[in-house]
Amino acid sequence: MREGRTELFRIAAISLMIVALCGGASAAEDRRAGIRERALTTYIHGMTEEIAIRDFGRRSVPQLLQLLEDPDFPRRDNVVAILGYLGDRRSTEALLSFIDNPPKRLDDPTEERAMLLAPQSLGQIASRGEARALQALLEMTARESNGGVLSRAAVRGNRPAALRDDLIHMALRGLAYSGAPEARGRIDAISRGRTNPVRGGRDQRRSAESAMELFNNLSGSAPSQPADAPDALPTDADRGMQSLDQGFGESSSVA
C-alpha cells in the first residue's frame, strides 16, 4: 500500500515537472516572439536608451544577436541601433562579424543603414568600457588604413568608395560616442589634417570636426549642435545620407 502511494507521488511529481517545463518553454517562446515583434516596430521619435531598456532590456541581447545574424530579418537596422544601447562584448564581436560579412549586396536601404549604424553602435558600447569596440574604431580610422574592415563591407555597395567613406564618417561618430581620450586624439588629428584614414578618398576633416563637436557635446566640454543634427552627416545628397539622422540617435527615428 505504502509502495503504491509512493509510486503515485512520484508520477504526480514527474507530471508537475513536465507541466512546468512546458510552461517555461512556452513563456520563453512568447518572449522571443515579443522581442522580434518589437524589433520590427517603426520608432517615429527615435531609438533612445530609455526605449531600448523599457521595450527590450539587457536580457533581450541574446535574442537580438540572433536577429542580427538572421539575413532574412527585415529590420536589422533597428537591431543594430538597440544593441548600441544594450550591448556588451558579445555584441561587439557580433557587430564586427556583421561588418566583416555583410549581405551579398547592400542595395536594400535597411541593410545599408544597418551597416552604416554599426560603427556608431560600437562607439556607444565602447562608452561603457568595452575596450575591443574602441580598438576596432581606432583601427577603422587609422592612418591610410582604408577603413580596415569597413572597406570589405563597402565592396558590397553600389558605390564602394563612397560607401567606404560614409562608413569611416560613422566610425568617427562612433569614436565621439565612446568618450575615450584616445578617440578624442584620433578625431583631433584627422580634423587638423595631420592624418587621413584613406589616401585619395574623401577629405574627412569636416566629418572629424562634426565628430569633435559631438564628442564635446556628449562630454559637456563645450556647447555644440545636437548629436542628431543633419549637418553631422556626410554631404552626399544623391546617396540620401541625411536619412541616417532619421535612423539613429536620441531624437531621430529608426524607420
Side-chain angles (χ1 to χ4, degrees), residues 43 46-49 51-52 64 68 75-88 91-100 102 106 109-128 130 132-141 147-150 153-154 163-180 183-184 186-187 190 197 204 206-219 224-234 236 239-255:
Y43 292 90
M47 177 54 58
T48 66
E49 183 177 24
I51 294 173
L64 290 168
L68 180 65
R75 294 309 307 267
R76 292 202 285 184
D77 55 339
N78 278 352
V79 174
V80 172
I82 297 162
L83 288 174
Y85 290 105
L86 303 179
D88 51 17
S91 304
T92 296
E93 298 305 328
L95 287 169
L96 289 174
S97 178
F98 174 67
I99 294 170
D100 198 29
L106 288 172
T110 59
E111 287 291 284
E112 183 183 52
R113 182 160 54 184
M115 185 62 62
L116 286 162
L117 292 173
Q120 187 163 305
S121 286
L122 286 171
Q124 290 189 295
I125 294 171
S127 73
R128 296 191 289 276
E130 214 296 272
R132 178 69 184 100
L134 175 60
Q135 183 59 36
L137 291 168
L138 291 171
E139 291 169 1
M140 293 170 188
T141 56
V149 67
L150 300 180
L163 179 56
R164 176 205 60 205
D165 290 343
D166 291 343
L167 286 165
I168 291 172
H169 169 91
M170 297 306 290
L172 289 168
R173 283 177 65 83
L175 286 173
Y177 271 99
S178 77
R184 195 182 200 287
R186 175 62 52 77
I187 295 168
I190 294 173
Q204 293 285 348
R206 181 178 176 186
S207 293
E209 289 168 2
S210 294
M212 185 61 75
E213 290 182 2
L214 175 57
F215 187 104
N216 291 335
N217 185 49
L218 293 172
S219 66
S224 179
Q225 64 186 37
D228 58 351
D231 63 356
L233 292 169
D236 195 351
R239 282 177 52 76
M241 282 295 292
Q242 294 275 342
S243 66
L244 264 180
D245 271 335
Q246 297 176 345
F248 196 88
E250 296 183 345
S251 60
S252 56
S253 345
V254 178

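All values below come from the heavy atoms of this structure, side chains included, with hydrogens, waters and symmetry mates left out.
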Peer 1: Measure the OG-OH distance between S121 and Y177 for me, rounded to the nearest 0.5 Å.
Peer 2: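 Taking OG in S121 and OH in Y177, the distance rounds to 9.5 Å.
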Peer 1: If we only count heavy atoms from C-beta on, is the M140 to I99 side-chain gap below 4.5 Å?
Peer 2: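 M140 vs I99: side chains touch.
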Peer 1: Please confirm whether the backbone N or O of E93 pairs with a side-chain atom of S97, one donor and one acceptor, at under 3.5 Å?
Peer 2: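 No; judged by distance alone, with no hydrogens or angles, the pair does not exist.
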Peer 1: Counting C-beta onward and ignoring hydrogens, is there a side-chain heavy-atom pair between N217 and E213 closer than 4.5 Å?
Peer 2: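 Not in contact.
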Peer 1: Which atoms form the tightest heavy-atom contact between L167 and A153, and what is the distance?
Peer 2: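 Nearest pair, atom of L167 first, then A153: CD1-CB, 4.3 Å.
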Peer 1: Please report the closest heavy-atom contact between M115 and P102, naming both atoms and the distance.
Peer 2: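 Nearest heavy atoms, M115 then P102: CE-CB, 3.3 Å.
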Peer 1: Quick check for you: to the nearest 0.5 Å, what is the distance between S207 atom OG and R173 atom CZ?
Peer 2: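 Answer rounded to 0.5 Å: 9.5 Å.
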Peer 1: For A211, what residues pass the side-chain contact (heavy atoms from CB on, under 4.5 Å) criterion, not counting sequence neighbours?
Peer 2: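 Testing A211 for side-chain contact (heavy atoms from CB on, under 4.5 Å), a comparison that skips the adjacent residues, returns L172, A176, I187.
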Peer 1: Give the C-alpha distance, both sets of side-chain angles, the deciding distance and a yes or no for side chain to side chain contact (heavy atoms under 4.5 Å, CB included) between L163 and L116.
Peer 2: CA-CA 9 Å; L163 179 56; L116 286 162; 4.0 Å; yes
Peer 1: Go through M47 and N78 one step at a time and tell me if the side chain to side chain contact (heavy atoms under 4.5 Å, CB included) criterion holds.
Peer 2: CA-CA 8 Å; M47 177 54 58; N78 278 352; 6.0 Å; no
Peer 1: For S178 and L175, work out which heavy atoms get closest and say how close.
Peer 2: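 In terms of heavy atoms, the two residues are closest at OG-O, 2.6 Å.
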Peer 1: Which residues pass the side-chain contact (heavy atoms from CB on, under 4.5 Å) test with A94, not counting sequence neighbours?
Peer 2: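 A94 satisfies side-chain contact (heavy atoms from CB on, under 4.5 Å) with L65, L68 only.
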Peer 1: Under the salt bridge (Lys or Arg N to Asp or Glu O under 4.0 Å) definition, can you give me all pairs with a residue in residues 117-128, not counting sequence neighbours?
Peer 2: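 Qualifying pairs: none.
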Peer 1: With E49, which residues qualify under side chain to side chain donor-acceptor pair (under 3.5 Å), at least two apart?
Peer 2: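 In terms of side chain to side chain donor-acceptor pair (under 3.5 Å), with neighbours along the sequence ignored, E49 is linked to no residue.
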Peer 1: Taking all atoms of both residues into account, what is the closest heavy-atom pair of S91 and L83, and its distance?
Peer 2: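 It is OG-CD2, 3.7 Å.
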Peer 1: Which distance, rounded to the nearest 0.5 Å, do you find between the CG of L137 and the CD of Q120?
Peer 2: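 The CD atom of Q120 is 10.0 Å from CG of L137, to the nearest 0.5 Å.
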Peer 1: Determine the minimum heavy-atom distance between I168 and P197, stating which atoms define it.
Peer 2: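 Shortest heavy-atom contact: CG2-CG, 3.9 Å.
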Peer 1: Is there a donor-acceptor pair under 3.5 Å between the side chain of Q204 and the backbone N or O of D165?
Peer 2: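 Yes.
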Peer 1: Quick one: salt bridge (Lys or Arg N to Asp or Glu O under 4.0 Å) partners of R186, sequence neighbours excluded?
Peer 2: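 Per chain and number, R186 pairs via salt bridge (Lys or Arg N to Asp or Glu O under 4.0 Å) with no residue.
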Peer 1: Who are the side-chain contact (heavy atoms from CB on, under 4.5 Å) partners of T92, not counting sequence neighbours?
Peer 2: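 Per chain and number, T92 pairs via side-chain contact (heavy atoms from CB on, under 4.5 Å) with L96, L122, I125, E130, R132, A133.
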Peer 1: Quick one: pull up CD in Q124 and CG in L117 and give me the separation to the nearest 0.5 Å.
Peer 2: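 Spacing of CD (Q124) from CG (L117) equals 9.5 Å.
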Peer 1: Do the non-hydrogen side-chain atoms of R184 and N216 ever get within less than 4.5 Å of each other?
Peer 2: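 In short, these two side chains touch, coming nearer than 4.5 Å.
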Peer 1: For the atom pair CG (L95) and CG (D100), what is the distance rounded to the nearest 0.5 Å?
Peer 2: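 Reported to 0.5 Å precision, the distance equals 12.5 Å.
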Peer 1: Salt-bridged, R75 to D77, with N to O below 4.0 Å?
Peer 2: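 Salt bridge: yes.
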